[in-house]
Student: 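Please find one structure pasted underneath; my questions will follow.
Proteins come first, then strands; the chains are lettered A, B, ... in the order of their sequence lines, and each starts at number 1.
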Amino acid sequence: MNHTEEKPATEKSLNFIEHIVENDLKTEKNGTRVHTRFPPEPNGYLHIGHAKSICLNFGLAKSYGGQCNLRFDDTNPITEDTEYVEGIEADVRWLGFQWDNKFYASDYFEQIYGYAEILIKKGLAYICELTPEEISANRGTPTKAGVESPYRNRSVVENLDFFARMRAGEFADGEKVLRAKIDMTSPNMHLRDPILYRIRHAHHHRTGNAWCIYPTYDFAHGFCDSIEGITHSICTLEFEVHRPLYDWLIEQVEIHHPQQIEFARLNLTYTMMSKRKLMALVQNKQVNGWDDPRMPTIAGLRRRGYTPAAIQDFAERIGVARRDGIIDVALLEFSIREDLNKNANRAMAVLEPLKVVLTNFEENEVKEFDAVLNPEKENSGTRKVPMSRVIYIEREDFLENPDKNFFRLSPSQPVRLKHASTMIRLQRVILNSQGEIEELHCQAIPEPDYQADKTNPKIKATIHWVSEHNSVEAEVRVYDRLFTVADLSEVEDYTTALNPESLKVLKGCKLEPSLKNVKQGESFQFERKGYFCVDKDSTENDLVFNLTVTLKDSKGK
RNA sequence: UGUCCUGUAGUGUAACUGGCAACACGUCUGUUUUUGGUACAGAAGACUCCUGGUUCGACCCCAGGCGGGACAACCA
């Protein structure tokens, strides 16, 4: 049977944007072209919400044989920096996408300036000398019309002259702006003579000091789309009210008219998605940088052990629509578990060790077992696991006074040691001076011997373990959600919702010998615990692992 | 007391031109299992926001309500 071909497109339901694209293709609105773009502002790092947009834009181009540009929306020199453009490029590539072209809004500053002159000549733009406060006051409110600027009806000649002198640097910041002349009574605030150009004597990360006036987002964005021949300009819902202005500007200048389409931004439970607030978390040291594994940034997710495949799968599953909502973070966790279950090799690691002496082992006796690397993957191979007189098991896997639902080791219940075909039966509990359990003495019984004696209790559980012999010590960072509240939009001050237990550093964890020579970024399933990856802080002698996500746990149900 | 957008199982997304409301996650059962994982089988869960209209037939079209969101940066 041949499984090479994809499912026919008709079997897959389309999202509303795909419906639009297919219809445009059918009517040849843009010929056979589909051209999208991902337009980040280089003023911060990308997060999982951006990943949704990246998957959407690049994905659309891919599935319809089109192109997708990466375009940095760098119209505000005071917040932008090359550090961020580099980070963004790395993140997009890491996610698995390659842009057809890389552009910057600043590439078009000269052309955009020309469009401004066209508008002025058409009597559709003017130089306004009101202060920011006056402009704001004159704009009115959504329910109250604005009033026209006294500078609104200057002559074209005067406007052209002032505009040239603005560019020449004759005026200070804020002294003058270029405004569109549209309608101060429009119910859409964005049509009340929006600002097109402002004076900013600031160094731009790409154009240096060539300009001291910069176009606003509204003025630049549609023109950039148009110049690049974008067919579908996809953005989030908050730009919906900007669309009439987007359309108006392009119509006045009479150039290629891309279609702006808005979709609902991603919201995730227990996750904050505001770039500004994420920046604050970093600056206030509530996390350890943009790539802190608790951060929803691409860099954070990468360090946490998330894979591009899992993030793409997640983006696919959540779909695209226009209604606002909030996705359960459990869906993201499902995507990464599904990927890692299939692809991560298994290893045994005891995070909170309890020493167990196997009393029937000789002092230097070592047995060795073969353990499969990944039971979900054919021919994944095996690794050697040694067993010696002293082993460690997870503290939580032993209970002196268990209830009915406890399946693991207890005074009356032996357990199997995974991969070892060996049962251990408790002989003695050794307490320290505080009366706490210090170590266990157990008898090790090979499985055939154990099963041969029909009076032995039925084995109910198999636990992981690590022998002292050749074991590796490591630090393991166990993460929990950064916030305690599911819907952060309902919290006035997010700092009150921070989870004090979002990071637990476990030291002295015992790992099996196969984990001795791991590489940074490598992922493993620590059997029965979860998926962990090697952190960048890891060195040859001091291993550090991050919890990516725990295994699903139905204990106690 | 404006304009625009938006209401479908707990969550998210489908349902093409008006024709049995489907899929995924989550939840719950069971089977298998040397991971309380995975896999497999199954279940519960929706007056499709409400009221009326058009129609043989409405999640879909129309009217009116109600709920949620966006918009008043020289940010994007």
Side-chain angles (χ1 to χ4, degrees), chain A residues 10 12-15 19 22 39-41 43 73-76 78-80 128 130-132 135-137 139-146 173-179 186-192 194-200 213-214 216-218 220-221 235-244 262 264 269 275-276 316-335 337-338 341-342 346 348 371-372 375-376 405-408 415-422 447 459-464 489 525-530 550-557:
Chain A
T10 50
K12 199 194 144 224
S13 64
L14 304 179
N15 64 48
H19 278 295
E22 293 206 351
E41 183 188 12
N43 69 345
D73 218 331
D74 55 349
T75 57
N76 184 6
I78 61 183
T79 59
E80 296 154 6
C128 182
L130 258 19
T131 65
I135 289 177
S136 177
R139 188 150 33 218
T141 71
T143 55
K144 206 182 110 221
D173 288 8
E175 210 175 304
K176 289 181 170 51
V177 289
L178 181 72
R179 289 229 254 170
S186 171
N188 184 334
M189 298 294 287
H190 297 276
L191 262 17
R192 320 243 269 225
I195 286 157
L196 272 19
Y197 262 94
R198 71 286 216 204
I199 300 171
R200 286 252 222 273
I213 58 173
Y214 292 92
T216 56
Y217 163 85
D218 280 318
H221 199 89
C235 61
T236 46
L237 245 30
E238 67 267 27
F239 292 103
E240 187 180 323
V241 285
H242 296 242
R243 183 164 15 104
E262 311 86 18
T269 55
K275 239 193 205 178
R276 207 191 83 246
E316 181 69 31
R317 284 170 189 279
I318 58 176
V320 179
R322 284 178 65 84
R323 76 174 118 155
D324 250 313
I326 184 163
I327 308 266
D328 192 335
V329 74
L331 196 55
L332 216 210
E333 293 177 346
F334 171 83
S335 290
R337 281 195 189 103
E338 187 178 56
N341 175 52
K342 203 170 295 169
R346 313 286 126 124
M348 293 198 289
V372 64
E376 305 293 323
N405 296 320
F406 186 78
F407 300 164
R408 295 104 88 194
V415 284
R416 179 188 289 111
L417 297 183
K418 192 164 175 65
H419 301 303
S421 289
T422 300
E447 175 125 25
I459 292 296
K460 288 200 277 193
T462 299
I463 63 171
H464 64 283
S489 72
Q525 184 196 107
F526 288 175
E527 297 187 85
R528 298 209 311 127
K529 297 305 290 184
T550 61
L551 254 28
K552 264 185 78 177
D553 185 3
S554 57
K555 283 201 267 295
K557 279 176 184 165

Student: Rounding to a whole Å, what distance do you find between A:E376:CD and B:A39:P?
Tutor: 7 Å
Student: Any strand is fair game: report the nucleotide pairing with B:U35 by Watson-Crick or G-U wobble, both distances under 3.5 Å, or none.
Tutor: none
Student: From the set B:U35, B:U3, B:C25, return the single nucleotide nearest to any side-chain atom of A:P187.
Tutor: B:U3
Student: Among B:U35, B:A76, B:A70, which nucleotide sits nearest the side chain of A:P375?
Tutor: B:U35
Student: Donor-acceptor check, side chain of A:T216 to backbone of A:I195, threshold 3.5 angstrom: yes or no?
Tutor: yes
Student: What distance do A:R337 atom CZ and A:Q525 atom CD have between them, rounded to the nearest 0.5 Å?
Tutor: 11.0 Å
Student: Do A:N43 and A:K275 have side-chain heavy atoms sitting under 4.5 Å apart?
Tutor: yes
Student: Mind calculating the distance between CD (A:E333) and P (B:C25) to the nearest angstrom?
Tutor: 14 Å
Student: Quantified in whole Å, what is the C1' atom distance between nucleotide B:A9 and nucleotide B:C5?
Tutor: 25 Å
Student: Between A:P40 and A:H19, name the one whose nearest nucleotide on RNA chain B is closer to the 5' end.
Tutor: A:H19
Student: Does A:I326 reach a base, just sugar-phosphate, or nothing at all? Heavy atoms under 4.0 Å.
Tutor: sugar-phosphate
Student: Figure out the CD1/C1' separation between A:I78 and B:A76, and round it to whole Å.
Tutor: 12 Å
Student: Looking only at atom C1', what distance separates B:A44 and B:G7, rounded to whole Å?
Tutor: 25 Å
Student: May I ask you to verify whether the side chain of A:R337 and the base of B:G37 hold a donor-acceptor pair under 3.5 Å?
Tutor: no
Student: CZ of A:R322 versus P of B:U6: gap in Å, rounded?
Tutor: 5 Å
Student: With C1' as the reference atom in both, quote the distance from B:A14 to B:C60 in angstrom, rounded to an integer.
Tutor: 13 Å
Student: Taking atom P of B:U35 as reference, at what distance in whole Å does atom CG of A:L417 sit?
Tutor: 13 Å
Student: Report the nucleotide, chosen from B:C74, B:G12, B:U35, that has the shortest atom-to-atom distance to any side-chain atom of A:I318.
Tutor: B:G12
Student: Looking at SG of A:C235 and CD of A:E262, how far apart are the two atoms once the value is rounded to the nearest 0.5 Å?
Tutor: 5.0 Å
Student: Using a cut-off of 4.0 Å on non-hydrogen atoms, how would the nucleic acid contact of A:H190 be classed: base, sugar-phosphate, or nothing?
Tutor: sugar-phosphate
Student: Can you tell me which nucleotide in B:A76, B:G69, B:U27 comes closest to the side chain of A:K552?
Tutor: B:U27
Student: Would you indicate which nucleotide in B:A14, B:G69, B:G26 comes nearest to any side-chain atom of A:A321?
Tutor: B:A14
Student: Taking 4.0 Å as the cut-off, does a side-chain nitrogen or oxygen of A:H242 come that near to OP1 or OP2 on B:A73?
Tutor: no
Student: If you look at every strand shown and take non-hydrogen atoms under 4.0 Å, does A:F239 touch a base, only sugar-phosphate, or nothing?
Tutor: base
Student: Write down the distance between CD (A:E262) and P (B:C5), rounded to a whole number of angstrom.
Tutor: 10 Å
Student: Looking at the side chain of A:V241, which of B:U35, B:C74, B:A70 is the nearest nucleotide?
Tutor: B:A70
Student: At 4.0 Å (heavy atoms only), tell me whether A:L130 reaches a base, stays on the sugar-phosphate, or touches nothing.
Tutor: base
Student: Any base atoms under 4.0 Å from A:T269, or only sugar-phosphate, or nothing? Heavy atoms, all strands.
Tutor: nothing
Student: Taking the P atom of each, how far is B:C4 from B:A63, in whole Å?
Tutor: 13 Å
Student: What interatomic distance, in whole Å, is found between P of B:U51 and the corresponding atom of B:A58?
Tutor: 14 Å
Student: Partner of B:G52 by Watson-Crick or G-U wobble geometry, both contacts under 3.5 Å, or none?
Tutor: B:C62
Student: Counting any heavy atom closer than 4.0 Å, what does A:F406 reach on the DNA or RNA strands: base, sugar-phosphate only, or nothing?
Tutor: base
Student: Among B:A14, B:A76, B:U35, which nucleotide has an atom closest to any side-chain atom of A:T216?
Tutor: B:A76
Student: Within a radius of less than 6.0 Å around NZ of A:K342, do more than 12 heavy atoms belonging to other residues, nucleotides or ligands occur?
Tutor: no
Student: Side chain of A:S13 only, heavy atoms from C-beta on: which candidate in B:A14, B:C74, B:A76 is closest?
Tutor: B:A14
Student: Please give the distance between the P atoms of B:U6 and B:U13 as a whole number of Å.
Tutor: 13 Å
Student: Parallel, tilted or perpendicular: which one describes the rings of A:H242 and A:Y217, with boundaries at 30° and 60°?
Tutor: perpendicular
Student: Quick one: A:R528 CZ to B:U38 P, roughly how many Å, whole number?
Tutor: 14 Å
Student: Give me the distance, rounded to whole Å, that separates B:U17 from B:G10 when you measure between the P atoms they each carry.
Tutor: 28 Å
Student: Hey, does the side chain of A:T462 reach the backbone of A:K418 with a donor-acceptor pair shorter than 3.5 angstrom?
Tutor: no
Student: Would you say a side-chain N or O of A:S335 is under 4.0 Å from OP1 or OP2 of B:C25?
Tutor: no
Student: When you check the phosphate oxygens OP1 and OP2 of B:G37, does a side-chain N or O of A:S554 lie under 4.0 Å from one of them?
Tutor: yes
Student: Is A:H190 close to A:P244 at the side-chain level, that is, under 4.5 Å between some pair of heavy atoms?
Tutor: no
Student: Under 4.0 Å between any heavy atoms, over every strand shown, what does A:E41 touch: base, sugar-phosphate, or nothing? Just pick one.
Tutor: sugar-phosphate
Student: May I have the distance from A:E238 (atom CD) to B:G68 (atom C1'), rounded to whole angstrom?
Tutor: 16 Å
Student: Does A:T143 place a side-chain N or O at less than 4.0 Å from the phosphate oxygens OP1/OP2 of B:A72?
Tutor: no
Student: What nucleic acid atoms does A:G325 come within less than 4.0 Å of, heavy atoms only: base, sugar-phosphate, or nothing?
Tutor: sugar-phosphate
Student: How is A:R346 classified with respect to the nucleic acid when contacts are heavy atoms under 4.0 Å: base, sugar-phosphate, or nothing?
Tutor: base
Student: Determine whether a donor-acceptor pair (N or O, by modelled atom type, separation under 3.5 Å) exists between the side chain of A:R192 and the backbone of A:S186.
Tutor: yes
Student: With a 3.5 angstrom cut-off on both distances, give the Watson-Crick or G-U wobble partner of B:U27, or none if there isn't one.
Tutor: B:A43
Student: Where the side chain of A:A330 is concerned, which of B:C5, B:C25, B:A76 is the nearest nucleotide?
Tutor: B:C25
Student: Return the polar atom pairs (N/O with N/O) between nucleotides 19-24 of chain B and the protein under 3.5 Å, or none.
Tutor:
{"from": "B:A24", "atom 1": "O2'", "to": "A:R317", "atom 2": "NH1", "distance (Å)": "2.9"}

Student: Counting any heavy atom closer than 4.0 Å, what does A:I195 reach on the DNA or RNA strands: base, sugar-phosphate only, or nothing?
Tutor: base
Student: Is there a Watson-Crick or G-U wobble partner for B:A70 with both distances under 3.5 Å, and if so, which one is it?
Tutor: B:U3
Student: In Å, rounded to the nearest 0.5 Å, how long is the span from CZ of A:R416 to CD of A:E447?
Tutor: 4.0 Å
Student: Which sits closer to the 5' end of RNA chain B, A:V177 or A:F407, going by the nucleotide each is nearest to?
Tutor: A:F407
Student: What nucleic acid atoms does A:D173 come within less than 4.0 Å of, heavy atoms only: base, sugar-phosphate, or nothing?
Tutor: nothing
Student: Please give the nucleotide sitting opposite B:C16 as a Watson-Crick or G-U wobble pair, both distances under 3.5 Å, or none.
Tutor: none
Student: Between B:A76, B:G36, B:A73, which nucleotide gets closest to the side-chain atoms of A:R139?
Tutor: B:A73
Student: Is A:E240 salt-bridged to A:R322, cutoff N-O under 4.0 Å?
Tutor: yes
Student: Distance between the P atoms of B:U38 and B:U27, in whole angstroms?
Tutor: 10 Å
Student: By the 4.0 Å heavy-atom rule, please label A:T141 as base, sugar-phosphate, or nothing.
Tutor: base
Student: What does A:N188 touch in the nucleic acid at a heavy-atom separation under 4.0 angstrom: a base, only the sugar-phosphate, or nothing?
Tutor: nothing
